[in-house]
Structure formats: structure tokens, C-alpha cells
Amino acid sequence: MDPMNPFTTLLATVRHALTDLAAAGVLPEGLDTERVSVEPARDPAHGDAATNAAMVLAKPAGRKPMAIATPLAEALMRDPDVAHAEAAAPGFVNLRMRDAFWQRQVAVILEAGDDYGRCDLGQGLAVNVEYCSANPTGPLHVGHARGTVVGDALASLLERVGYAVTREYYVNDGGAQIEALARSIHHRYREILGDAPGPMPDGLYPFAELMPVAEAIVARDGDRWRSADESAWLVPFGRAGVEAMRARIESDLSALGVHHDVFVSEKSLVEEGRVDAALDQLRADGLLYEGTLPPPKGRVDEDWEPVPQLLFRSTSFGDDIDRPLVRSTGAWTYFAADLAYHLDKYRRGFAWQIDVWGADHGGYVKRMQAAVRALSGGRAKLDVLLCRLVNILDGGQPLKMSKRAGRIVWLADVIDEVGADALRFIMLTRKSDAPLDFDLQKAIEQSKDNPVFYVQYAHARICSVLRNAAALDMRAEEGAPDAALLARLDDPAELSLIRRLATMPRVVEGAAVNLEPHRVAFFLHDVAAEFHTLWTRGKEQPTLRFLREDDLELTRARLALLRATQTVLRLGLRIMGVRPVEEMH
RNA sequence: GCGCCCUUAGCUCAGCCGGAUAGAGCAGCUGCCUUCUAAGCAGCAGGUCGCAGGUUCGAGUCCUGCAGGGCGCGCCA
């Protein structure tokens, strides 16, 4: 039960009325009211809210829906907050609440302050959100932005509804890509020493950001690695590269306002024997075997050779095919290390794990979920949020990145140009599995095509009025206003805005349980729209202006509404990780 | 061939664990700046919700099939 959510209040009211009807013999006793809900009315003509109670209970009660809806409406009419209740075919009960019910929400918001929209849905349950997790082989580029922003907003959202959230980053600091990093740095190293080693070979990293790493090695070690055997420098060069790139990535994340609680190193897991331990556990459960996988069907693969491998029986947990754990080189597969990592999360107390991945890893979801189920004995759950690739545009023209040619748009550069706020907001304006265009020009132009400014403008306008109020000595008071004062907020546009604000708790809950942070962005857009409407009406009709020197009481009421709106915008933006601005430039 | 995701207005997308007459932005058209910031507002126009069945009192939403698009399909991450 969430006291800040007026719709849960109404649901309780409806359930109470149903109990009364049962006591009066209109309904059977002991009906299951689990499916009864109260939702905001889509059409204002239907009132403020509607309940499906009569339709849901018709069958179990053995009554026609309208035979329940009619007495239910009568019972609800007795509630002092209900202005009107009526049954409507095929069995809705439409509720219109008294203005005071909505006006009270302004006080609820102001009393709650920063805690508005919080609830205990999560009941303190630990959840681990792993996101970004880019390989430490280079700085973050724009392609990393979406998953990073979505993961971070999701983490904030889950915190908001009462989960104990850990933000985590998995560092793939082992394996072939680190060797490639080491070789790339060695190539730069020889360049600096004047060896003219030619263009960066395919498969290595050609971008200039590795130069400082090589320079640091020259400064420290001179030319001692110049003609040394690869086996001598591969490890130290790789370590230097990982160290430098991890620092750079953390700085990129910091510029974006993202701060992970935990970084877990894949290399450490392997070195500590955690992979062996995870596989031992699976082996003990009879989930490992030596076998040969069938070749992929309908797809010609010249190189395919049937080879017996160590396999994990993931098909027992819903996967399509069993998965290999050891490469022909004898090294663990990435999946094997990931098994150890997810077991580690479970051991650290996370029965709920969320991974945010790029959509190109979609084929990986089933096996990882199977692994988490297997390793936890079915006690842990893994959700995977897939983010589709963002189309980067520059003035309407697609911008193709090419890692081989070193044509990469670095995240830090984008943040410098458009700002972290615009970037984060735009990344949250689409469902994560929907395509998303990100146009650098539009974000820079700050034109009206840029959605972040619409919301920030609303917040800035409110701040402007509050400043003007202070200048006119019509200062908004700190505490929550009383009912008599709030009763002055009786204009339809004001009440409409209040109703919108009051949906924030259910929007936040819905966004959290469905793992869809984008809903917050759409909600804020709607709030901003209602506010801009009210503002413009004040320009057209002076009696609707917020600051009325001829009516200080009304002014105080409207300032309270503005502060409540400001609070909702601020908190919503905070979930998205976007800073509210106090004025536009 | 198989798996996952997607298909809603001219374009880009919302649509709240099924709910009443499907919404927003952009593009187009018409209005609104001596007045708290016009980066805004009001209005007009625009949709067989890919197609066909099914479940249900009720389907854009759930199920099945089909079509189209995206991603992926042993020892890359």
C-alpha cells in the first residue's frame, strides 16, 4: 500500500466497498479481489478513474457485471472523496473525485519532497544491475552510451521503488582482445622509437588514444622492449593498457554522471580459480559432459569440423543447444568465465540479477539464464535488457563508425559537444529494444527537435516564476499548504496538471517492474506539456497568471502547485540522471 | 533451417502486467508575443494498429499460423 499513490488509495476504497457488499449479501463472501484494479480514466468524460471490479468478479460471483457495478457505484458514492460514481456498460464503475481529493495531492507531494514517488515495492531486496561493461581496450564510444544510460536509469528506478541496488561493471580484462591491445601499444611504442613499423595491422586498435600509454612506457623503460620477444612484453604491455583504459573509461563514465559501485575483473575470477569452482559445481550436479555439437542447420560453414568438447547441459534449463566451455586452445570460453561471474553475483547475495546488453548479444540470453538457474539451484533469476544499436546521425546523414579505420566517435567528445544531459535524455526517449536515432547536429543545435529542452524549459520557467515571486515578496512558503488554500486551485487546467502529477508514483512503479526507464521520459514530457498549457493560458488570460498581486492567497496556492510541479520534474529528471536547469541560455 | 526481437498517422515512436471513441513529436495548414522566458500555446488534417484465425463480456495488448524487417546461430567478446 503506497500512501502517495492516489490510485492505490482508491483501490483500497473499492475493496472496502466490495467487503461491505459481501456483508450486505449482495456478493458472496470471500471473493478473490486480486484482479480488481483502479486505473486513471483515459477519457475525461468517464471521470477520473475507473474500476473493473464488477467485470472481473462477475463470473466467480455468479452475477451479471452490471448487477455488481450498480450497487458498487452506490456504495462508493458514500465515500466523502467521491463526487460521483456510476456504473457504465459493460460493467465499469466510473469515479469522479472531488476537487479536494486532487488538491490534497499537492500537499502530499510537497510533504514528501524528495521522497515523493518512493515506495517499498522492492522491500529492500538486493538486485544487481550490470551495465556498460565495455572491454578495457579503448575509451567508451557513442555505441556504449545507450546501454550505459539505460542501465543507470534502471538502477535509479529500482532504488526508487525500494530495492537495494548495486551498480556493477564486468571488466573483460582477459583473453585475446587484451593481447591485441598489448600488440597495438607495442606498435605505437616502436613508432615512438622511430622504427616506422607501418600501418597498424588488422585486428589491432589503430586509434590515437593508445599513444600516451606507449609514451609512458618509453619514458619509464626506454627501448628495452624494442626487439624483445613478444612473450617478454605481452603481459606488461597488456596490463599497462588495461590500467590506462580502465582509468579513461571511469573518467568517461564520470563525465556522463555514471558511478558504478563494483568493478569485477574477469582475469581475477580466472586467476582465483573461480571458473574451475563453478564448473566443479555443475559437474557435481551432472550438468557437464564431453560431447560433439551438431553443425548449424541451413547454413553452410566450410570450416565446420565435429570436435568433442566439454559441454554444459543448458538444454535442461530452456536453452536450444548445449554450450561449449573450453576452446581448442585449452582456454576457457567467454561463457565459462561468465558462468563464474554470475555464480559470484549469486554468492554475493543477488538472487535477482539484471544484465544490460547490446541487441547483438541476444543469442546469448537463454544460455546465461539457464546458467543462473543451474548455478543457483533455481533460486536466482536473471533478466537481460537488450538495447538496440543507436543510429548515429550528423545533420541527417548516417555516421558510420569503423574500428578498423579508427573512425570512432568517442563518448567523451559527444558529451563535450552536446552535454551529458541531452545525451542521457535522448537515450531514454525510446524503449530499449526499439530503434533510436541520435543526431549530433540536432542535439547541438538545441532546436525544438531536441526533447530534453522541452522538459528543462518547463522546469526553468517554474524557477523563473519562483524568482519573480521572491522579488515581489510573494514568496512561496516552505511547508505544505492547507486544504482551504489549495481549494483555490479550481481551474480545469490546474486540476488537470495536478491529476497528471499524481500519477507519478504509478508511472515510476510501472517503469520499474517492467524494466522500462523510458516511461519516465514520456511522463515528464506530459507533465511539461500540461505546465506549458497553463503558462500560456496565463499569458492569454491575466486572471490565470501565477503571480496575482491583487490576490495573495491565490498566488500562494499557485506557488504551491508550481513547487509541486517542480518537485515532480526534478525527481523524474534525477531518475534519468539529467540535471534540472534553473534557467535557459 | 532454427532462436530472439520488431511491424501502430506521410516520418519517428508511445500505448501503463486485456478495458470504453488508439495518443505524442516531427513534417503540412490556420491562429496566438506592449503582459511571469514564443526553446511555448490553441486548432485543423492525418490510422483497415502487417495479414488471417483463435481465447475473452472486452484484443493494438494474450495464443497459433503466415508475410516483411532486425539481431544471432561451436572453440569472438
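To find a chain, count down the sequence lines: A is the first, B the second, and so on, and within it residues start at 1.
Rounded to whole Å, the C1' atom of B:C49 lies 10 Å from the corresponding atom of B:U61.
For B:C16, the base has no donor-acceptor partner in the side chain of A:R519 [N/O atoms by modelled type, under 3.5 angstrom].
Relative to the six-membered ring of A:Y289, A:R313 meets both conditions, a distance below 6.0 Å and an angle of at most 45° to the axis. Cation-pi check for A:R323 over A:F312 is not met; the charged atom does not lie both under 6.0 angstrom from the ring centroid and within 45 degrees of its normal.
A:H46 comes within contact range of at least one nucleobase, with a heavy-atom separation under 4.0 Å. Base contact: A:A50 has a heavy atom under 4.0 Å from a base atom. Residue A:R323 is out of contact with every strand shown, counting any heavy-atom pair closer than 4.0 Å. Contact annotation for A:S464: base contact, defined as any heavy-atom pair under 4.0 Å involving a base atom. Heavy atoms of A:R506 sit under 4.0 angstrom from at least one base atom. Residue contacts for A:E509: at a heavy-atom cut-off of 4.0 Å it reaches no nucleic acid atom on any strand shown. A:Q456 comes within 4.0 angstrom of no nucleic acid atom, judged by non-hydrogen atoms across all strands. Within the nucleic acid shown, A:N94 comes within 4.0 Å of at least one base atom, counting heavy atoms only. At the heavy-atom level, A:Y364 lies under 4.0 Å from base atoms of the strands shown.
Between A:F425 and A:V578, the closest heavy-atom pair is N-CG2, 4.0 Å.
Distances were taken from every side-chain heavy atom of A:M584 (C-beta onward) to each of B:G40, B:A39, B:A14; the shortest belongs to B:A39.
For B:G3, the paired nucleotide is B:C71, the pair qualifying as Watson-Crick or G-U wobble because both relevant distances are below 3.5 Å.
Between A:K539 atom NZ and B:C33 atom P the separation is 10 Å, expressed in whole Å.
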